[in-house]
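One structure below.
Proteins come first, then strands; the chains are lettered A, B, ... in the order of their sequence lines, and each starts at number 1.
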Amino acid sequence: LKLLGTAPSVALLALFAALVVSPDLRLDRWLPAADGVFAAVGLLLVVATWIRASTASDRFVALGLAVVTLSVGYDTLRGHRGRLTLVPGAGTRTFEEFGRGGRVVGGRPLGFDLLVRDVDGQGRATLEGAGEVRVVTPRRAVGLGGYRLGSPRAVPTATAQLRLAVDGPGGTTERVVLGAVGAVRASGLEIALDRYFPDFALDERQQPLSRSDEPRNPAALLQVQKGDSRWRVFVIRAMPGVHRPEGLDRVIRLEDVEPELAVGLSVSQDPTAPLAGFGLLLVALGAMRSRA
Amino acid sequence: VSVVPSSVLAGLAASCAAFALLAGARAGLARGIDRHVFAAGAGAFAVAVLFALDGGRLLRWDYGIGAGSGRHEMPDAALVLALGLLAALGGTLALAADRLGTPDTPAAGASGSLARTLGRRSLLAAWGLLVPGTGLVLLRSPKEALLAAPRGPVALAMTVIGLGLALWPTVGEPRPIEAGTTEAQAAVATRLAAVLATTALLTAGVEGWMSGGTYLTISSLRLSAASLAGLSALPETGLPNARRALLLVSLLAAAIGG
């Protein structure tokens, strides 16, 4: 124990701990049981600084290190981290939990009903849950029912409002907005949405698909009716008026789309976070005069 | 706490660590350590940075900022920086050869001093090339590309500053330095860097908690490593400058990497 309390031991243990926690070196990739190694090094460092402590400042550092090591260890083992995505008006009671290395380990109950009231393009969202209504922004997380929800980001969904232009005979153009449900009337036509492709592409069998939910190359298949005649019209923003079915004397163009947004939120539960902050404060105060 | 961002505190801590390293090096010079050893060390560091820059493309006389469609090619800077790399490599090898030589015989001593002169001049030439090369990178890069991929240009700037500071004592006659005073300055600056690193870690934890909902973020992990490196640099034991250098590197990683 005397050897552990020497200056070289403290310096070496602190250095080794620094190498283990560094996210840039990624020692956990080849170090077996990296969490166990870090816990062991952390505890050895706490013991070494405590044995070496001879002044109040030294003890501040040792005590602060002990508090931080135990807090981080507890939050790593007993805390929870995950993510959830919700569209406005939808609710959930669970979130997708991440385990070691960010892999998904399954759904975990929140313990309350979480509802998203609205979301804007900047990711600002109004949440309702555990008897409270809170607004979460990219700069401000909120606490609900023992969890903290933060880092909101607006995520486009696979549904959108389509802005269509219908060119009629005589050079007239009528513009309408078509949603996922229902039909609209324009230039004597009744138009409804059959399928929407936010990021249109063709697979190897020439079948249409969407590569993502991002509206990078939006296209849609429309059901068009005029009297007793019916057509299926394909529209794509990149090629206006590309499809002109026989018998239809109108040209339908997809001018733009406005995707419906969902909000993606990180969910965390770190029960001893304030304690870890207090420990760091002790280390900082002690380090001003400590010989470590 | 969020009035001063953690990255700014990490930058301040890095400045203190850099000062501590320089003061420690000056104390080493005062104790009789060969001033060319620092120049060779800085030269080796510069060569390593230039080798790693932009995925090693300087070896093919190529350099650019960013990746994919946002990449900005800089052939003029690549030419100057690649020449700087060659000069730094030559200078470092010459100084290393001089250090490893046996100066016991007059012939060996003479060749040693020639290698030393060539090495020093070659490193000075390298610095003279890296300054305009870095200037080209910083001045001619689009602002968006610089903000999107700042690591390479910042690493270049730090290399130029570090190499210049290491070469400074080799220019002209050695000046008398009081070892005790500079070592005391180094100790104070190291302590300040360690305290600032821990304060930056505390701030990063609060920032993560306030915005993301958790204090266990990549930024706080980087600053944890820097804070532990600070604790490792405090005890009065062997290799103080090596420990200060590691503290500086970890703080730079935290300040640049975010």
* Would you mind telling me which of A:Ala17, A:Gly143, A:Gly279 has the largest number of heavy-atom pairs within less than 4.5 Å of chain B? => A:Ala17
* To do: Can you see which heavy atom on B:Gly212 is nearest to which on A:Ala141, and at what distance?
  => C-CB, 4.2 Å
* Give, as side chain, backbone, both or neither, the part of A:Val267 having an atom under 4.5 angstrom from any heavy atom of chain B. => neither
* Asked: Distance from A:Leu15 atom CG to B:Leu231 atom CG, nearest 0.5 Å?
  -> 11.0 Å
* Structure fact -> Among A:Arg139, A:Arg140, A:Met288, the residue with the most heavy-atom pairs under 4.5 Å to chain B is A:Met288
* **Side chain, backbone, both or neither of A:Leu65 within contact of chain B (heavy atoms, under 4.5 Å)** => side chain
* **CZ/A:Phe278: more than 12 non-hydrogen atoms of other groups inside 6.0 Å** => no
* **Per-residue contact mode, A:Leu265 against chain B (heavy atom under 4.5 angstrom)** => neither
* To do: Please round to the nearest 0.5 Å and tell me the distance separating atom OG1 of B:Thr198 and atom CG of A:Leu282.
  => 11.5 Å
* Structure fact -> If one checks every heavy atom of B:Ser250 against chain A at 4.5 Å, the contacting part turns out to be neither
* Asked: Taking everything shown except A:Arg83 itself, do over 12 heavy atoms lie less than 6.0 Å from its CZ?
  -> yes
* Structure fact -> Shortest non-hydrogen pair, A:Arg148 vs B:Gly213, comes out as CB-O, 3.4 Å
* Where on A:Asp24 is there a heavy atom nearer than 4.5 Å to chain B: the side chain, the backbone, both, or neither? -> side chain
* To do: Tell me, out of A:Pro152, A:Ala14, A:Gly150, who's got the most heavy-atom pairs with chain B below 4.5 Å.
  => A:Ala14
* **Residue selection (most heavy-atom pairs with chain A, distance under 4.5 Å) from B:Val195, B:Leu247, B:Leu192, B:Leu216** => B:Val195
* **Proximal component of A:Pro138, with respect to chain B [non-hydrogen, under 4.5 Å]** => backbone
* **Residue, of A:Val283, A:Asp75, A:Thr137, A:Leu149, that accumulates the most heavy atom pairs under 4.5 Å with chain B** => A:Asp75
* So, for A:Ala18 and B:Ala229, which heavy atoms are closest and what is the spacing to 0.1 Å? -> CB-N, 3.9 Å
* Non-hydrogen atoms of B:Arg222 and A:Pro23 that approach each other most closely -> CG-CG, 3.5 Å
* Asked: Are there more than 12 heavy atoms of other residues, nucleotides or ligands under 6.0 Å from atom CG of B:Leu138?
  -> yes
* Asked: Is the backbone of A:Ser290 close enough, under 3.5 Å, to the side chain of B:Arg191 for a donor and an acceptor to pair up by distance?
  -> yes
* **A:Phe200 atom CZ, neighbour heavy-atom count above 12 within 6.0 Å** => yes
* Asked: Where do B:Leu202 and A:Gly277 come nearest, in terms of heavy atoms and distance?
  -> CD1-O, 3.5 Å
* To do: Check whether B:Leu246 gets within reach of chain A through its side chain, its backbone, both or neither, counting any heavy atom under 4.5 Å.
  => side chain
* Do other residues, nucleotides or ligands put more than 12 heavy atoms under 6.0 Å from B:Glu236 CD? -> no
* Asked: Counting only heavy atoms not in B:Arg57, do more than 12 sit closer than 6.0 Å to its CZ atom?
  -> yes
* **Engaged part of A:Arg289 at the chain B interface, taking heavy atoms whose separation is under 4.5 Å** => backbone
* To do: Of all the heavy-atom pairs spanning B:Tyr215 and A:Ser71, show the shortest one and how long it is.
  => OH-O, 3.8 Å
* **B:Trp127 CH2: over 12 foreign heavy atoms closer than 6.0 Å** => no
